[in-house]
Amino acid sequence: MKKHHYLFFIIGLLLIGCSDKKKNFTEGKNSDSLITYLAIANEDTVDIDKRIEFNNKALEILLDEDNDSLNRENLFLVANRFYNMNRLEEYRKVTKIISKNSIAVNDNQNIAKAYSYLGDYYINTPKKDSAFFYYTNAEKIYKKLKDRINLGATYVNMAIVQNYVSDFSGSEQSAVLALDVLRETNEKVKIYEAYNILGVTSYGLKNYEKAIEYHTKALNSAKENNLTTYYEASSLNNLGGVYQEQNKYKLSISKFNDALSYKDILQENLQLYATLIDNLAYSKFKLNDFKQLPDLFYLSLKIRDSLNLKPAIAYTKNHLSEFYAAKNDTTTARKFAREALELSKAIKSSSDMLMSLKQMASVEPLNASAYSNEYIKIIDSLQQAERKSKNQFARISFETDEIIIAKDTAIKQKWIFFASAITIIIFGILLYIVRMQKIKQKELLFIQLQHKASEEIYQLILDQQAKFDQGREKEKKRIAEELHDGVMNKLTGIRLNLFVLEKKTDPETIKKCIAHISGIHSIEKEIRNIVHDLHQDLFVAKNDYPELLKTLAGSFESSSLIKIDIDDLVDWETIPAIIKMHIYRILQETIANSIKHSGATSVTCSIVDKKQFLELEINDNGKGFSIQNESAGIGLKNIKSRTAEMKGSCHINSSKKGTVITIQIPHEK
């Protein structure tokens with residue numbers, strides 16, 4: 001069984017998405033013409049050209065109206081109509097307009113929805129990275145809005161895109177996230193889709209037991225939630241496909257027959273029916289059960305030809321070629337194989353070309369070498385494309401996070417500036433009012449009490465002296481409290497720590513005690529601050545960054561296996577924020593790799609100030625890896641890239657006993 005037939009499961013999910021877009025019709029616009037145009041454009045019984053014409057008329061009306069929430073809602077209806085009529089370019093243009101209008105008024109809900117729609121457009125094109133880009137942007141917004149339903153649906157779409165480019169690990173991760181956020185919702189169809197894509201992904205990873213498990217969960221979900229028979233039949237087809245790949249043809253035939261037993265499947269989804277017929281025929285062929293063959297193959301071919309499903313047509317023709325080759329009808333076998341190859345080349349379907357080339361090599365052994373070379377060439381190009389797509393997806397996720405952080409920072413800075421300006425203005429006004437009141441009061445007092453000027457002046461002098469004495473007493477009290485609470489407590493702590501020298505004088509104890517002497521420098525600095533600046537609070541240097549690094553261990557499940565030591569002599573205040581960010585990410589990446597890939601049971605990280613440079617060392621006792629391997633993972637490449645950005649050096653020593661990564665970062669001058 002070839003990989004191609006499994007693409008039906010993903011196509012099925014996209015078809016479900018199409019039908020969802022049709023549910024959005026709502027009335028309520030102030031123009032009767034608009035309602036009429038949208039209704040006609042949504043009516044399947046109307047001629048397609050007429051529907052397109054009326055949808056364009058509705059669009060013209062909406063483009064002349066104000067950009068309000070109802071206008072954007074109706075633009076989405078227009079976009080939906082274009083999508084359901086397979087007018088994808090018009091669909092993209094309308095969605096771009098919605099995106100622009102939503103951004104103009106900070107309508108985050110519709111910005112995310114527009115991004116999801118654009119992802120739906122690009123998933124139908126070769127630009128899968130663009131689809132992933134828009135889905136990722138939608139994901140970030142839905143996270144902020146805490147919209148679990150749309151967030152779960154977006155994760156399902158991301159999983160589908162990642163599966164398309166064979167990023168099975170990424171697809172699996174996205175599908176699991178979808179299940180996690182959808183679990184407490186009532187979105188039964190999306191939960192089914194998440195289980196289904198997990199089954200497809202497990203199949204791609206050749207983990208057939210997991211594929212069976214997830215497709216069974218999808219089937220049970222469809223049954224328990226009374227979804228249409230299409231979902232149940234799709235899951236039965238998927239299970240049959242897994243058994244077929246395992247050469248368990250009797251089990252696969254049983255599943256295909258169970259799916260075909262649904263009487264309404266022929267009317268509900270002709271494409272699925274044709275797939276089931278072809279899969280059933282192929283399993284029978286593999287068991288040498290030729291009773292209904294090749295009639296079943298021809299029936300499937302006829303249906304697929306009527307639906308113009310070109311990849312599926314090439315697929316069935318390859319099956320017919322295999323069948324006739326087994327019957328020793330070489331001429332017919334070559335005919336179908338050649339037709340399948342020509343069709344797959346015409347539609348530029350790499351998976352169909354691979355299948356056809358393999359079949360051509362089988363039925364034309366004299367030209368097998370040429371077909372094999374072409375097969376290998378396509379495989380190499382596919383692998384390069386898949387690797388490129390995976391790297392693009394990783395970069396998109398990172399860059400999207402960076403853009404959002406920068407945007408949030410800019411917004412915060414804008415609000416801080418605005419709040420500061422308002423505060424200064426208000427303070428200035430209040431100060432002016434107070435000054436004017438004081439001036440008026442002084443003038444009044446001067447006029448009324450001029451004859452008592454000498455007595456008032458004398459009284460003011462007395463008051464000033466009293467205030468001075470009161471302020472002096474208050475300041476003395478404050479200094480006493482500062483000395484008692486700050487300096488005395490610290491001196492007491494140091495004295496208690498050094499008291500151990502009366503009992504122990506061994507080198508180790510002396511070494512530990514010497515470390516406390518540095519605390520005297522801190523006390524000296526504190527006293528100097530009190531003496532030189534009595535009107536300012538003591539400054540306590542914050543050192544949150546080392547704590548941040550140490551709490552990094554707690555973010556992993558195996559946190560008890562991780563130890564992070566940081567040299568107290570490192571002056572983090574002088575180290576730029578970008579360097580701190582790189583160090584954090586390197587630690588995060590290496591710890592994750594050690595636990596996940598190397599199977600380490602102990603990871604030790606240390607950061608030491610070597611005067612000329614900062615040294616970061618990570619040790620683990622994992623199984624190690626080959627440093628010479630040119631196809632090293634993206635994590636190792638990222639570590640080297642970050643080190644280069646810090647103008648540092650990176651040395652890696654890996655063996656079966658473990659891995660040591662040493663990074664030296666020069667101090668900036």
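Note that the structure is predicted; figures quoted are calculated from it, not measured.
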Applying side-chain hydrogen bond (donor to acceptor under 3.5 Å, both in side chains) to Ser102 and Asn110, what does each step give before you reach the verdict?
CA-CA 6 Å; Ser102 300; Asn110 280 330; 4.7 Å; no
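- Residues Ser654 and Phe625 share a closest heavy-atom pair of OG-N, 2.9 Å.
- Rounding to the nearest 0.5 Å gives a distance of 5.5 Å between CE of Met85 and CZ of Arg51.
- Note that CZ of Phe133 and CG of Leu118 are 10.0 Å apart. Values are rounded to the nearest 0.5 Å.
- With hydrogens and angles left out, the side-chain atoms of Glu245 and Tyr203 include a donor and acceptor closer than 3.5 Å.
- Using a 3.5 Å distance cut-off with no hydrogens or angles, the side chains of Arg338 and Ser321 do not pair a donor with an acceptor.
- A salt bridge between Glu89 and Lys93 is absent, with no side-chain N of the basic residue lying under 4.0 Å from a carboxylate O of the acidic one.
- Looking at every heavy atom in both residues, Tyr135 comes nearest to Ser116 through CE2-O, 3.5 Å.
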Between Glu342 and Lys345, is the salt bridge (charged side-chain N to carboxylate O under 4.0 Å, His left out) condition met? List the steps.
CA-CA 5 Å; Glu342 290 172 357; Lys345 285 183 176 180; over 6 Å; no
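- Heavy atoms of other residues, nucleotides or ligands lying less than 6.0 angstrom from CZ of Arg92 number more than 12.
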Starting from the C-alpha separation in whole Å, work towards a yes-or-no answer on side-chain contact (heavy atoms from CB on, under 4.5 Å) for Ser171 and Ile197.
CA-CA 8 Å; Ser171 177; Ile197 193 64; 4.0 Å; yes
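- No hydrogens or angles considered: nothing links the side chains of Ser202 and Glu172 as a donor-acceptor pair under 3.5 Å.
- For Tyr249 and Tyr243, the ring centers are positioned 6.0 Å apart or more.
- Salt bridge Glu139/Lys143: present, at least one basic N to carboxylate O contact under 4.0 Å.
- Gly624 and Thr659 get closest at one heavy-atom pair: CA-OG1, 3.6 Å.
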If you apply the rule side-chain contact (heavy atoms from CB on, under 4.5 Å), what do you find for Phe297 with Leu301, and how did you get there?
CA-CA 6 Å; Phe297 283 128; Leu301 184 62; over 6 Å; no
Verdict with supporting geometry, Gln246 and Ile212, side-chain contact (heavy atoms from CB on, under 4.5 Å):
CA-CA 11 Å; Gln246 293 178 301; Ile212 291 169; 3.6 Å; yes
Under the ring-ring contact (aromatic ring centres under 6.0 Å, His included) rule, what do Tyr117 and Phe76 come out as? Steps first, then yes or no, please.
CA-CA 9 Å; Tyr117 272 41; Phe76 273 119; 5.1 Å; yes
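- Ion pairing between Lys190 and Glu193 holds under the 4.0 Å rule for side-chain N and carboxylate O.
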With side-chain contact (heavy atoms from CB on, under 4.5 Å) as the criterion, how do Ile562 and Ile595 come out once you've worked through the C-alpha distance, each side chain's angles and the decisive distance to 0.1 Å?
CA-CA 10 Å; Ile562 304 165; Ile595 295 173; 3.7 Å; yes
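- Without hydrogens or angle criteria, Gln271 side chain to Arg304 main chain gives no donor-acceptor distance under 3.5 Å.
- Panel note: side chain Ser300, backbone Ala274; a donor-acceptor pair is recorded below 3.5 Å.
- Taking OG of Ser221 as the start and CG of Asn225 as the end, the distance is 4.5 Å to the nearest 0.5 Å.
- Outside the 6.0 Å centre-distance limit, the rings of Phe323 and His319 are not counted as a close aromatic pair.
- Taking OG of Ser174 as the start and CD of Gln162 as the end, the distance is 3.5 Å to the nearest 0.5 Å.
- Using the six-membered ring where Trp is involved, Tyr231 and Tyr192 have ring planes that are perpendicular, over 60° apart on the 30 and 60° scheme.
- Checking Ser598 against Asp620 by side-chain atom types alone, no donor-acceptor pair falls below 3.5 Å.
- Classification of the Tyr121-Tyr91 ring pair by plane angle, with boundaries at 30° and 60°, yields tilted.
- Heavy-atom neighbours of Lys623 NZ from other residues, nucleotides or ligands within 6.0 Å: at or below the threshold of 12.
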